[in-house]
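Data first, discussion second: the structure below is written as structure tokens.
For this chain, numbers begin at 1 and follow the sequence in order.
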Amino acid sequence: MGLHPLEFSECYLDSPSFRDKIKSHEAELDKTNRFIKELYKDGKNLINATKQLGMAQRKFAQCLGEFQFEYIGDAKTYDEKCIDESLQEFSAFLKNLEDQRELMMRNITETLMKPLEKFRKEQLGALRAERKRYEKETEKYYSSLEKLLNMSSKKKEPQLQEADTQVEIMRRHFQEESLDYVCKLQEIQERKKFECVEPMLAFFQTVFTFYHQGFELAKDFDHYKTELQINIQNTRNRFEGTRSEVNELMKRIREAPQEYRQTSPISFEGYLYVQEKRPPPFGSSWVKRYCTFVKEQKILHMVTFDHRSGGKIGETESITLKSCVRKTTDVLDRRFCLDLDITDRPGTVLTVQALSEDDHKFWMQAMGGKEPVGHYLMRTYSKERGIDAQLDDVGFSFVKNSISAIEKRGINDQGLYRVVGVSSKVQKLLSLMIDEKSDEVDLSASEDWDVKTITSALKLYLRSLPEPLMTYELYKEFINPAKGGSPESRIQAVHCLVHKLPERNRQVLGLLMKHLANVAAHSKQNLMTVANLGVVFGPTLMRPQEETVAAIMDLKFQNIVVEILIEHHEKIFTDAPESCPLSPAAPVLCAPTRQSKKMSRQNRPLAVYNPQALDIQNVSTVGDGSSPAPDETSMGSNESVSSQSSSASASEVNMEKSDHAPLNASLSSGSNSGSATAAASCSAPGSSGERQTAATKATSDKERQEESVTSRKARAVYPCEAEHDSELSFHVGDIFNGVTQSREPGWLEGELEGKRGLIPENYVEML
């Protein structure tokens, strides 16, 4: 049973049971006071701990935002750019989350801590003062009553009457104090029910609002997370392919290091030990220096460098060489030595020592010595494999027959061109075809040659040509536009370069690209998207003349060039280019970033429970049955520069990774690393519910707006796919009429093909 009610009538009786009831009420309020004090203390600890968490997370976010990955080479793919920017995205996400948490803690202080402390001090504290007065009046009344009752009856009547009057006054005062105290006790007992619980309700409303904000941030982040996973998978796949090539190059260099020594017609460089003569009796010393000899000017630059001294680089000394003579061991008891006659020091001969016999020969050759020197002939696939592949009529016929057979027999085979055939069968087929015995082999019907053998033979033929199909001469020119520039400039540059190729090369390349486009059109069955085909055929169709790690790092850009050729083969190989830029590399035009398109939530206030506003809100919602639509804004997708590769799903990426990762990343799924078209899903500040409201307002004001803005036009500079009925979908180059500023920040309103809707402001340029 709960506390007994305190009847006012009992204040006049002041019975022991009444006093016991008062004590029960007082004990309950004392317990409430201790509870609030403990809760306030724990709340302070919670706020301090949350502040410490916030500080730690902000420091973590700052560390993420300040770090930046360095990359190998002179350009990054789109996937690498996304990965590079991901740490800044993570940092911004954490900072946004901590802004919401900080706002939550301020609201907790205002809505929970202060109200509870105010109730404890103003209500429970005031009751304590009332309690002391009540106890004091009780003591005074009963003391005076006892005095009165102890007075002698023999006292004079006036004295007795005066004493009676004083006691009566005290009794009335005591009873009034008792009434007030009992009323206050019961009032606070009832008040605590809402004075304590209402702040708790506000506290949980604030906490749930924070978690809801976190949910909305996570929902915004989800699309970016999916795109980043694809970027990471693409980069991992390219890494596997690049690592395989690098390991193969390292193996060849390890077997014959001198053949791969970097020589140049302009200069020669390497370590030499230089003799430094000292006055007697100190003799001479030999100092290791890194030397670079510029052949045309005959200048030798020498830099002192010792690996054992922490790798500190010393000063550079330059001398002009007059002549170089081999120093024999009968003159100096050291091998591999040269005497250098110096022009700017007449009569001075500088003695240097090479690191080995081969190194000695190279230096002699570079400096004009008389020693003969071997030279390196670059390895080719044809010499290595014993295949004499040529780009002649026989080879052209083989390419056509192979393509015809593949399209007839295996266009839907999973992993087409990725799954390799048996090496011996592949070489046997290629030998038959290029030894002018192709009439004896019917690839379209023969069961002796399966599809994977034919595809592997076709790739082997293209790799075995004395020169790549896209030529050594144009290699760098093809690579450059893939490293930067807008999609349109890339297509234009590749279009121009294709028409610089020799006629037969262009014919074979066009035939092959048409075929690969057909393969990509069946990618739902064979899983070979444009991006996957780019990975397979990039190194096959184009490669640098010199095999280096730097050249291998350009493999990813070779893939981009092949993607462009596949996607735009009709335009590139059918029509000659109208005009060609002076330089194939165009300025980089960056598409709008996700950060510029996503909805900003930093300044959105947390919903705080406000009991005083409930009546007003209830009244206002009675007449308005509408409620805000749930926020459905998703982050803008990354601007994939390959329209087909960007459509690869994350599930396909994971399937390909698990099944085919060992195949040197031939199956690079959903590559966003670059071809010509940018396919982007767009979003901008404001939730979808807010955009719908803006669109409704826009429709209601349509006539007035059209009258005032019909002369304004805009052109799309990036493609966009609508995420809501109120938005417009469009492609690069589309022209919008009747463009005006939207009520929604970051958006315009315009008309395209008879439909009026919202347009992201940073996706268009005004005309």
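For the atom pair L767 CG and R715 CZ, the distance stands at 5.0 Å (nearest 0.5 Å). In this structure, D99 CG and Q213 CD are separated by 11.0 Å, a value rounded to the nearest 0.5 Å. How far CZ of F730 is from SG of C720: 4.5 Å, rounded to the nearest 0.5 Å. Here the CD1-CE distance, from I47 to M104, works out to 9.0 Å after rounding to the nearest 0.5 Å. For the atom pair E227 CD and Q229 CD, the distance stands at 10.0 Å (nearest 0.5 Å). With rounding to the nearest 0.5 Å, the separation of CD1 in I759 from CD in E749 is 8.5 Å.
Within 6.0 Å of atom CZ in F60, 12 or fewer heavy atoms from other residues, nucleotides or ligands are found, so the atom counts as exposed in its surroundings. Within 6.0 Å of NZ in K23 there are 12 or fewer heavy atoms belonging to other residues, nucleotides or ligands. Residue R133 qualifies as enclosed at atom CZ: its count of foreign heavy atoms under 6.0 Å is above 12. Under a cut-off of 6.0 angstrom, the local environment of CE in M55 is sparse, with at most 12 non-hydrogen atoms contributed by other residues, nucleotides or ligands. For R19, the CZ atom counts as densely surrounded, since its 6.0 Å shell holds more than 12 non-hydrogen atoms of other residues, nucleotides or ligands.
Taking every heavy atom of both residues into account, S729 and L752 meet most closely at O-CD2, 3.6 Å. Annotation for T109 and P115: closest pair O-CD, 4.4 Å, computed over non-hydrogen atoms. Across V182 and C11, no two heavy atoms sit closer than the pair CG2-SG, 3.7 Å. Residues Q123 and I188 approach most closely at O-CD1, 3.4 Å, considering heavy atoms. Across all non-hydrogen atoms, the minimal contact from R756 to T740 is NH2-CG2, 3.5 Å. When every heavy atom of V167 is checked against every heavy atom of S144, the shortest pair comes out as CG2-O, 3.7 Å.
D734 contributes a side-chain N or O that, together with a main-chain N or O of H731, makes up a donor-acceptor pair within less than 3.5 Å. Between the side chain of N234 and the backbone N or O of I230, at least one donor-acceptor pair lies under 3.5 Å. A distance-only check finds no donor-acceptor pair linking the side chain of S178 to the backbone of F174 [under 3.5 Å]. Formation of a donor-acceptor pair under 3.5 Å by the S91 side chain with backbone atoms of A61 is found in this model. Remark: the backbone N or O of Q57 is not paired with any side-chain donor or acceptor of E98 at under 3.5 angstrom. The closest donor-acceptor contact from the side chain of D20 to the backbone of P16 lies at 3.5 Å or more, if one exists at all.
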**Prompt:** What's the verdict on side-chain contact (heavy atoms from CB on, under 4.5 Å) for L748 and L758, showing C-alpha distance, side-chain angles and the deciding distance?
**Reply:** CA-CA 6 Å; L748 301 173; L758 294 173; over 6 Å; no

Could you go through Y141 and D14, starting from their C-alpha distance and side-chain angles, then the distance that decides it, and tell me whether this counts as side chain to side chain donor-acceptor pair (under 3.5 Å)?
CA-CA 12 Å; Y141 168 63; D14 200 17; over 6 Å; no

Salt bridge (charged side-chain N to carboxylate O under 4.0 Å, His left out) between K121 and E117, intermediate numbers included
CA-CA 6 Å; K121 288 182 177 179; E117 187 66 5; 3.6 Å; yes

N96 vs F93, test: side-chain contact (heavy atoms from CB on, under 4.5 Å). Steps then yes/no. CA-CA 5 Å; N96 199 344; F93 179 82; 5.8 Å; no

Exercise for the section: Please step through salt bridge (charged side-chain N to carboxylate O under 4.0 Å, His left out) for the pair K225 and D222, ending with a clear verdict. Expected result: CA-CA 5 Å; K225 178 190 71 175; D222 189 61; 3.2 Å; yes

**Message:** What verdict does the side-chain contact (heavy atoms from CB on, under 4.5 Å) test give for I36 and L124, after you've listed the backbone C-alpha separation in whole Å, the side-chain angles of each residue and the deciding distance to 0.1 Å?
**Reply:** CA-CA 10 Å; I36 293 176; L124 297 178; 4.2 Å; yes

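The salt bridge (charged side-chain N to carboxylate O under 4.0 Å, His left out) pairs that include a residue from residues 38-57 number zero, where partners must be two or more places apart or lie in different chains. Each salt bridge (charged side-chain N to carboxylate O under 4.0 Å, His left out) pair with one or both residues in residues 102-114, not counting sequence neighbours, appears once here: R58-E102, E102-R106, E110-K114. Listed by first and then second residue, the ring-ring contact (aromatic ring centres under 6.0 Å, His included) pairs that reach into residues 175-194 are Y134-Y181, sequence neighbours excluded. Residue pairs meeting the ring-ring contact (aromatic ring centres under 6.0 Å, His included) criterion with at least one member in residues 7-56: none, sequence neighbours excluded.
At a threshold of 4.5 Å between non-hydrogen side-chain atoms, the residues L228 and F90 count as touching. Between K81 and N231, every side-chain heavy-atom pair lies at or beyond the 4.5 Å cut-off. F736 has its side chain out of reach of K713: every pair of non-hydrogen atoms, C-beta onward, lies at least 4.5 Å apart. Put simply, the side chain of P199 reaches to within 4.5 Å of the side chain of L112, judged on heavy atoms. Using a 4.5 Å heavy-atom threshold, the side chains of K192 and F119 count as touching.
Considering only residues two or more places apart in sequence or on other chains, K140 meets the side-chain contact (heavy atoms from CB on, under 4.5 Å) condition with K136, E137. Residues passing the salt bridge (Lys or Arg N to Asp or Glu O under 4.0 Å) test with K21 are E10, sequence neighbours excluded. Applying the salt bridge (Lys or Arg N to Asp or Glu O under 4.0 Å) test to E135 and every residue at least two apart in sequence or in another chain returns R131. Residues passing the side-chain contact (heavy atoms from CB on, under 4.5 Å) test with K31 are E28, R34, sequence neighbours excluded. Remark: K147 engages no residue in a salt bridge (Lys or Arg N to Asp or Glu O under 4.0 Å) (not counting sequence neighbours). Remark: V717 pairs with E765 by the side-chain contact (heavy atoms from CB on, under 4.5 Å) rule, at least two apart or across chains. With sequence neighbours left out, the side-chain hydrogen bond (donor to acceptor under 3.5 Å, both in side chains) criterion links N48 to no other residue.
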Using distance only, find each side-chain donor-acceptor pair of residues 63-70 under 3.5 Å and give its atom names and separation, not counting sequence neighbours.
| from | atom 1 | to | atom 2 | distance (Å) |
| --- | --- | --- | --- | --- |
| E66 | OE2 | Q62 | NE2 | 3.0 |
| Q68 | NE2 | D84 | OD2 | 3.4 |

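Aromatic pair F221/Y224: ring centres closer than 6.0 Å.
If you check the side chains of E177 and H173, you find no donor sitting under 3.5 Å from an acceptor.
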